Structure formats: structure tokens, C-alpha cells
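In this text, all values refer to a predicted model and were calculated from it rather than measured experimentally. Both counts, for ligands and for their atoms, begin at 1 and track the order of listing.
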Amino acid sequence: MTRDPRYDVLFEPVQIGPHKTKNRFYQVPHCNGMGAAYPSSMAEMRGIKAEGGWSVVCTEEVEIHPSSEHSPIIEGRLWDDRDIPVFARMTEKIHAHGALAGIQPAYSGFTTANLYSREIPLAPSHRPVEQTYPVQARAMDKADIKALRHWHVAAAIRAQKAGFDIVYDYSGHDMTVQMHFLSRRHNTRGDEYGGSLTNRVRLFREILLDIKEAVGDRCAVAVRFAVDELMGEEGLTCDGEARDVVEMLADLPDLWDVNISEWSNDSSTSRFSEQNGQISYTAFVKQITGKPVVGVGRLTSPDTMVSLIKKGQLDLIGAARPSIADPFLPKKIEEGRLEDIRECIGCNICVSADFLCTPLRCTQNPTMGEEWRRGWHPEIMPPRKSADSVLIVGAGPAGLECARALGQRGYTVTLAEAENELGGRVAKECRLPGLSEWGRVRDYRVGQLHKMANVAVFAQSPLTADQVREFGAAHVVLATGARWRGDGMGRANLSPVPGHEKAQVLTPDDFLADEGADILQSLTGPVLIYDDDHYYMGGILAEMLRARGLDVTIATPAADISNFTHNTLEQERIQTRLLEMDVTLRPHRELTEIDDGMVELACVYTDRTETLPCVSVVLVTARLPNDALYYDLTCDEEALIHSDIKTVTRIGDCLAPGTIAAAVYGGHRYAREFDEPVHDGVPFKRELPLLAEA
Ligand code: ADP
Ligand code: SF4
């Protein structure tokens with residue numbers, strides 16, 4: 001296949017300082033939870049992006065001095081020359097595919113508490129660090145500023161030695177000292193670094209000029225700059241001070257990498273913002289500077305990308321999440337294979353890995369983070385090792401990905417799904433408010449399966465154990481999913497909630513079923529949603545039922561609503577939205593009893609109880625695997641042998657209910673490991689710590 005000439009403009013080179021890109025696809029810096037702790041994994045992942053056609057591949061935030069380190073979060077580390085080989089490995093892998101390597105040194109001021117190094121954080125003014133650790137940053141004096149400039153220069157020289165082509169001066173996300181100095185609310189200094197904007201921008205400008213002087217002949221020097229903080233005059237705005245900053249620095253950097261701040265605005269989920277949602281803030285930059293501009297916005301559509309270039313709004317198409325979901329996105333556009341693009345769904349499971357200090361993972365791309373340790377390439381699967389056939393029961397995320405990946409290996413696969421539509425929970429959940437993009441998990445896989453002659457897909461095919469045995473496949477995979485518990489058991493309630501069997505008690509499955517719309521219409525309030533799941537479902541149902549005009553209370557044993565979504569950058573938005581909709585919030589509460597017209601809640605600390613009037617209760621607590629078919633099949637070993645079935649395996653939610661990302665990963669893993677030697681012990685390569693000399 002050849003590429004559509006409409007997209008030719010995306011494959012034009014762009015000059016950035018002393019370097020020229022091979023196209024306009026630019027992987028902007030993004031965290032990955034590997035960095036300094038798992039450097040081989042990090043390097044391999046970046047190399048794969050370059051292989052996939054990104055013309056620039058950048059690091060994550062890279063610490064440049066022990067007085068600003070991110071522990072326990074894992075980022076890059078370039079404290080001294082001993083760290084150079086880590087990044088040299090990364091740049092080698094990037095250069096091997098003709099891409100440029102960029103590094104984002106980050107000095108994080110009061111954003112980090114320095115828990116590992118125990119050094120005192122530095123900031124423009126005295127103040128506590130951002131997290132609730134009992135640590136305060138101290139105001140920098142002139143000697144500190146001099147030292148900080150020196151650390152940036154030293155880092156730039158090391159970066160150049162490590163092979164980087166682009167070095168950043170990072171003032172974004174409200175996460176670095178350059179931005180803290182720029183900010184009126186953070187900078188209360190009375191010297192030449194505080195007060196007027198000219199003074200507040202001084203440090204950002206000095207560091208830029210310092211880096212240029214140190215490495216500017218060999219490396220391009222980029223700025224990463226947040227052009228709006230979405231807080232009006234309290235912060236930077238694109239028609240106020242941020243615009244003035246761009247005018248002041250205009251052509252000084254070799255590249256403007258622009259976005260909005262803070263991180264939850266920049267990496268907003270699809271539940272809260274549209275694709276390309278940043279351009280109305282960032283578009284002005286190109287009118288001011290003659291230097292190339294890169295911007296982001298969950299850009300996956302080549303038509304949108306072309307229009308951004310043609311309208312003169314961006315020169316380079318920036319991406320973090322779209323490059324995680326599909327490291328080969330540029331190659332697929334180049335080769336005219338748009339239907340093969342695995343589009344990001346904007347769920348921020350990738351972001352959660354960073355907060356949880358673990359290697360990056362992705363709902364759409366099960367190979368993300370597994371490139372080095374498991375040797376998983378996002379586009380290449382090992383060829384089949386036998387002529388065995390596989391029957392997969394259930395076409396949710398796990399079954400679909402398992403069928404797709406086994407099909408790619410060349411196996412003969414049959415996928416049977418009970419319902420009319422494929423997609424399992426994703427097909428249902430993508431109809432919930434704000435989750436429509438999640439349907440891409442199904443769409444990508446169904447699209448791929450359609451192209452595979454060796455995979456037969458049957459909807460409306462609920463299979464029984466007898467039918468599975470009769471079918472005659474050598475291997476059976478059960479991806480039959482899970483159902484929400486109706487008894488209220490979960491993390492807090494270790495036995496069923498008294499009264500749970502009453503008619504007015506519902507679970508999310510009632511709303512997700514075909515007749516869900518009728519149930520929603522017929523529901524009467526007041527409604528209590530009891531959320532002991534802590535992810536998106538409880539909050540979304542509260543929003544949905546309140547939008548229907550019902551009187552809704554959401555109670556949870558946690559301190560706040562949808563507590564896990566702190567890790568997906570959504571919690572604040574969810575809670576704000578519910579409060580604005582007048583949903584009543586009851587945090588720190590366990591559900592202790594359901595009775596006609598009332599529920600009883602108990603305080604998780606004092607056990608003091610309260611009763612609330614309540615007509616309908618929705619229990620969002622935990623799920624149970626749909627594993628009856630598995631036990632029907634495996635309880636009769638002789639019948640299995642008679643039917644020539646060699647293995648029966650559960651995957652995804654049928655094995656253990658989890659995230660959609662976990663189900664996709666489970667399906668992929670089965671397909672990768674099928675017919676391959678079984679590892680006993682640690683199932684992946686590890687990066688072991690080196691024992692230093694005593
Ligand atoms: P996962 O997230 O693990 O993929 P889902 O719940 O999303 O799980 O999908 C499970 C799918 O399995 C559902 O679409 C369901 O209709 C289907 N399913 C469950 N039992 C059977 C069965 N006996 N025969 C065929 N399909 C089934
Ligand atoms: Fe996109 Fe979700 Fe993957 Fe992150 S985890 S890259 S948001 S699909």
C-alpha cells in the first residue's frame with residue numbers, strides 16, 4: 001500500500017537548530033515509570049518509537065541534580081557522568097532508525113520532596129512542597145541561582161556526550177523551577193528575579209542562553225512552555241503573560257514545544273476533553289516565532305494533523321499518548337495503512353503507571369513496557385509453532401485481543417460471542433457518558449480480525465460445555481468476562497450487606513444491559529450509589545442518574561469519590577462535576593444495611609451510624625468471574641480427553657476481574673506464550689542493581 005498524497009505534508013523534513021527531522025512526527029517528552037530504575041526497558045521502548053517512524057523521540061523528565069529528585073516516582077537521572085551510558089544506550093537505539101533524540105532536563109523546585117536524597121528542595125520563595133509530605137522548599141539566593149544555571153549547563157554537556165540532538169529548557173506543567181519563577185503566585189521575590197514579568201522570565205531566559213552557549217552548535221535547544229494554566233489571571237494565559245513571554249523569547253530557542261498546564265490539563269482524558277483540545281490555546285505561538293512549533297492534543301487522525309500544518313498552527317505533530325498506544329502510527333500513515341492504527345482512547349492508564357511507580361502500560365497497546373523485559377514487539381508476533389486450532393469463547397477485550405494476536409501468528413482461530421455485538425464490557429461501557437472513545441479497543445481489534453482469513457468470528461453464539469466439546473478445537477480459551485456483585489461485598493464489606501436481596505438493589509450491569517435505558521427511565525429516587533470499587537464506574541453512574549433528575553447520594557469508604565482516578569488525573573474533575581450537579585457526597589462511609597425506603601451508613605473511623613431515606617440502591621463494589629463454563633468443562637476430565645481438547649484456559653476478567661488494560665494484556669499474553677516454552681520462575685528479564693564498591 002502507498003500513502004495517500006493528502007498526507008505528504010506530514011512527511012516533510014523540519015529544520016530544528018543544527019538538525020533536520022525526517023518528518024513531522026514528534027514524540028514529546030513523557031514519563032514511563034522505567035527511567036533510572038529500568039534503563040534497558042526505557043531504551044528499548046524509545047528505540048521502538050523511532051522504528052515506528054517518529055522523527056524525534058524524547059526522554060521523560062530527567063533529574064539533573066540530587067537537590068531535585070522525584071522519588072518514589074521513577075524518572076530519568078543525569079546527576080553525573082556515570083549516568084551518561086544509560087542515555088547513550090537510548091540515543092543509539094533512536095539513531096539506528098534515523099530519528100533525533102531529545103532530552104528534557106527537569107529541575108522541579110517545590111514539586112519534589114527529595115525523599116531519597118534528603119536534600120532541601122529549592123524554590124523562588126519559601127513554601128511547603130506540593131505533596132503533603134512535611135517538607136518545605138527554601139527560597140533560592142543568588143548563589144543557588146548561579147548553581148542551578150551551572151547544573152543545567154553541566155546536564156546539557158552530558159546530554160550532548162550521551163548523543164542527544166535536542167536539549168530542553170523546561171518551563172511547563174507547573175513542575176519546574178523555571179515555571180515557578182515565572183508564576184506570580186509562586187514567585188514573591190523582591191530582587192531582579194521577581195516582580196515584573198521581565199524579572200520573572202529572567203531565569204528561564206538565562207538557562208536557555210546558557211544551554212545554547214554550551215551545546216548550541218551541536219544540539220538544538222528547545223523550550224517546553226505552558227501557554228495557559230486554565231485559571232484565568234491567577235496563572236499564565238495565552239492572551240496575557242504567556243503571550244508576552246513568547247514575544248520576549250520569540251526566536252531565541254530553536255523549537256517551541258507548547259502545551260497547557262498543569263499535567264491534568266495537558267493530558268486530559270477523553271472523558272473530559274476532546275482530541276485536539278489544546279490548539280485554541282497554542283495556535284498563537286506560530287504567529288510570533290519564526291522557529292518551528294510542536295503541540296499536542298491526543299492527535300491520532302492524519303486529517304486533523306494535516307489541517308494543523310496547513311493552517312499554519314503547528315510545524316510538528318507532537319504526541320505522547322498516541323505514540324504509546326501505537327508506536328508505529330507514523331509508519332502506518334506513511335504506508336497507507338490507516339485502518340491498522342491503534343488509536344489512544346484517552347483513559348490515562350499509562351499515567352497511572354507513573355504515579356504507581358511501575359513501568360508504563362497501556363490499555364490499547366499490551367506490548368508497552370514489555371519491549372525489553374519480555375521481548376514483545378508491538379507489530380511482530382512469533383510465527384505459529386503447530387497446526388493446533390483454538391476456540392475462544394467471549395469477544396470482550398481479552399477474547400478479541402487473544403484472537404487478533406493468535407490470528408497474527410497464523411493459527412486457525414474461532415471466536416464465539418454470545419451477544420449480537422462484539423466488544424464485551426467495552427461495547428457496553430463506551431455508551432456511558434464520556435467514554436465513547438473507549439469503543440476503539442473493540443474497533444481496532446474487530447477491524448484487524450476482519451482481515452484475517454484464519455480467524456472465524458461468530459456473534460450470537462452462546463456456547464455450552466457440550467457445544468465446546470463438540471466443536472473439536474485442540475485448545476479452548478475462556479474469555480467469558482465477569483459480572484458485578486449484587487451483595488455489596490468488596491474491600492470494606494467482607495460479608496453480604498443485610499437487605500441486599502431487596503428488589504430496589506441494582507448493580508452497574510443493570511444499566512449496561514440492553515434494557516438499561518428502561519431501567520434508568522423507571523428508576524425512582526432518592527438513590528444511593530455505594531462505591532467500594534473506587535474507579536470510574538461509581539462516579540459515572542452518579543453523574544448519569546443525576547442527569548436524569550434523580551436525587552443521588554454517593555457513599556464510599558474512601559476519603560473522596562473515584563479515589564483511584566487520582567492516578568488518571570481525573571479525580572478532581574469528577575468530584576467537582578458531581579458537586580456542581582448537586583450530587584450528595586458521603587466519603588468515609590460503609591454501607592451497613594439496606595431496608596425498605598432507607599439505608600444505613602457507618603463512619604469508617606467511629607462506626608457511628610446514620611440512616612438516609614433511599615428508594616433505590618446501586619452497589620458498585622466488586623465483580624465475580626463468569627467461570628461456570630470453565631468448571632463445567634474441567635470437572636469432567638474424561639469428556640475433555642474424548643473430545644481431543646488439550647487445554648482449557650481462562651483469560652481476562654473470567655480469570656480475575658480487572659481493568660480493560662489487564663484484559664487486553666491477558667489476551668495478548670496467552671497468544672504470545674501459546675506453544676512457546678514455559679518459563680519456570682520469573683517470567684521476564686530483570687534489571688538487577690549493581691553492587692557498588694564498598
Ligand atoms: P474481558 O474484559 O475479560 O474481555 P468481557 O466481560 O468484556 O470480559 O467480555 C466477555 C464476553 O464473553 C462478553 O461479551 C460475553 O457476552 C461473552 N460470553 C460470556 N459467556 C459466553 C458464552 N458461554 N459463550 C459465548 N460468549 C460468552
Ligand atoms: Fe492512550 Fe489509555 Fe494507552 Fe494512555 S493507556 S496511551 S490514554 S490508550
For Gly424, the ligand 1 atoms whose distance to one of its heavy atoms is below 4.0 Å: 7 (O), 9 (O), 13 (C), 14 (O)
Shortest protein heavy-atom distance from atom 15 (C) of ligand 1, along with the residue and atom involved: Glu417 OE2, 3.4 Å
Nearest neighbour in protein (non-hydrogen) for atom 7 (O) of ligand 1: Arg425 N, 2.7 Å
Subset of ligand 2 atoms that lie under 4.0 Å from at least one heavy atom of Cys344: 1 (Fe), 7 (S), 8 (S)
Heavy-atom side-chain contact between Arg623 and Asp653 under 4.5 Å: yes
Nearest non-hydrogen protein atom, atom 8 (S) of ligand 2: Ile345 N, 3.3 Å
Residue and atom name of the nearest protein heavy atom (relative to atom 21 (C) of ligand 1), distance in Å to one decimal: Thr480 CG2, 3.6 Å
Distance from atom 6 (O) of ligand 1 to nearest protein heavy atom, with residue and atom: Gly481 CA, 3.3 Å
4.5 Å side-chain heavy-atom contact, Phe355 and Leu569: yes
Heavy-atom check, side chain of Thr480 versus side chain of Asp627, under 4.5 Å: no
Derivation and outcome, side-chain hydrogen bond (donor to acceptor under 3.5 Å, both in side chains), residues Asp326 and Gln364: CA-CA 8 Å; Asp326 196 340; Gln364 274 284 55; over 6 Å; no
Residue pair Pro302 / Leu338, side-chain heavy-atom distance below 4.5 Å: yes
From CA spacing to verdict: side-chain contact (heavy atoms from CB on, under 4.5 Å), Val57, His97: CA-CA 11 Å; Val57 178; His97 299 285; over 6 Å; no
Ala416, portion touching ligand 1 at heavy-atom distance under 4.0 Å: backbone
Numbered atoms of ligand 1 (with element) below 4.0 Å of Gly652, judged on heavy atoms: 3 (O)
Ligand 1-proximal atoms of Ala427, by part, heavy-atom distance under 4.0 Å: neither
Proximity of Trp438 and Tyr536 rings by center, below 6.0 Å: yes
Distance from atom 9 (O) of ligand 1 to nearest protein heavy atom, with residue and atom: Gly396 CA, 3.4 Å
Protein contact of atom 24 (N) of ligand 1 - nearest heavy atom, named by residue and atom, plus distance: Leu463 N, 3.0 Å
Contact check, Asn626 vs ligand 1, heavy-atom distance below 4.0 Å: no
Lys/Arg cation over aromatic Tyr630: Arg650, 6.0 Å, 45° cone: yes
Atoms of ligand 2 close to Thr363 [distance to a heavy atom under 4.0 angstrom, numbered from 1]: 3 (Fe), 5 (S)
Nearest non-hydrogen protein atom, atom 5 (S) of ligand 2: Cys350 N, 3.3 Å
Residue, atom name and distance, where the atom is the protein heavy atom closest to atom 3 (Fe) of ligand 2: Cys362 SG, 2.4 Å
Student check: side-chain heavy atoms of Ile324 and Asn365 closer than 4.5 Å: no
Close side-chain approach of Ser264 to Glu572, heavy-atom, < 4.5 Å: no
Ligand-residue contact atoms, ligand 2 with Ile349, heavy atoms, under 4.0 Å: 5 (S)
For atom 27 (C) of ligand 1, the protein heavy atom that lies nearest, with its residue and separation: Ala418 CB, 3.7 Å
Element-labelled atoms of ligand 2 that are located less than 4.0 Å from some non-hydrogen atom of Asn348: 2 (Fe), 7 (S)
Per-atom contacts of ligand 1 with Ser461, taking only distances under 4.0 Å to non-hydrogen atoms: 24 (N), 25 (C)
Nearest protein heavy atom with distance in Å, relative to atom 6 (S) of ligand 2: Arg321 O, 3.3 Å
Aromatic contact, Phe328 with Trp54 (centres under 6.0 Å): no
Heavy-atom side-chain contact between Gln104 and Arg224 under 4.5 Å: yes
Distance (rounded to the nearest 0.5 Å) between Cys350 SG and Arg321 CZ: 6.5 Å
Nearest-neighbour protein heavy atom for atom 1 (P) of ligand 1, which is reported as residue plus atom name and distance: Asp653 OD2, 3.6 Å
Atoms of ligand 2 close to Gly346 [distance to a heavy atom under 4.0 angstrom, numbered from 1]: 1 (Fe), 7 (S)
Side chain, backbone, both or neither: the part of Ala398 lying under 4.0 Å from ligand 1 by heavy atom: both
Working for side-chain hydrogen bond (donor to acceptor under 3.5 Å, both in side chains), residues Asn626 and Arg483: CA-CA 7 Å; Asn626 293 329; Arg483 62 195 181 282; 2.9 Å; yes
Atom 2 (Fe) of ligand 2 reached by Cys347 (N, O or S, under 2.8 Å): yes
Flag side-chain contact, heavy atom, 4.5 Å: Phe458 against Glu417: no
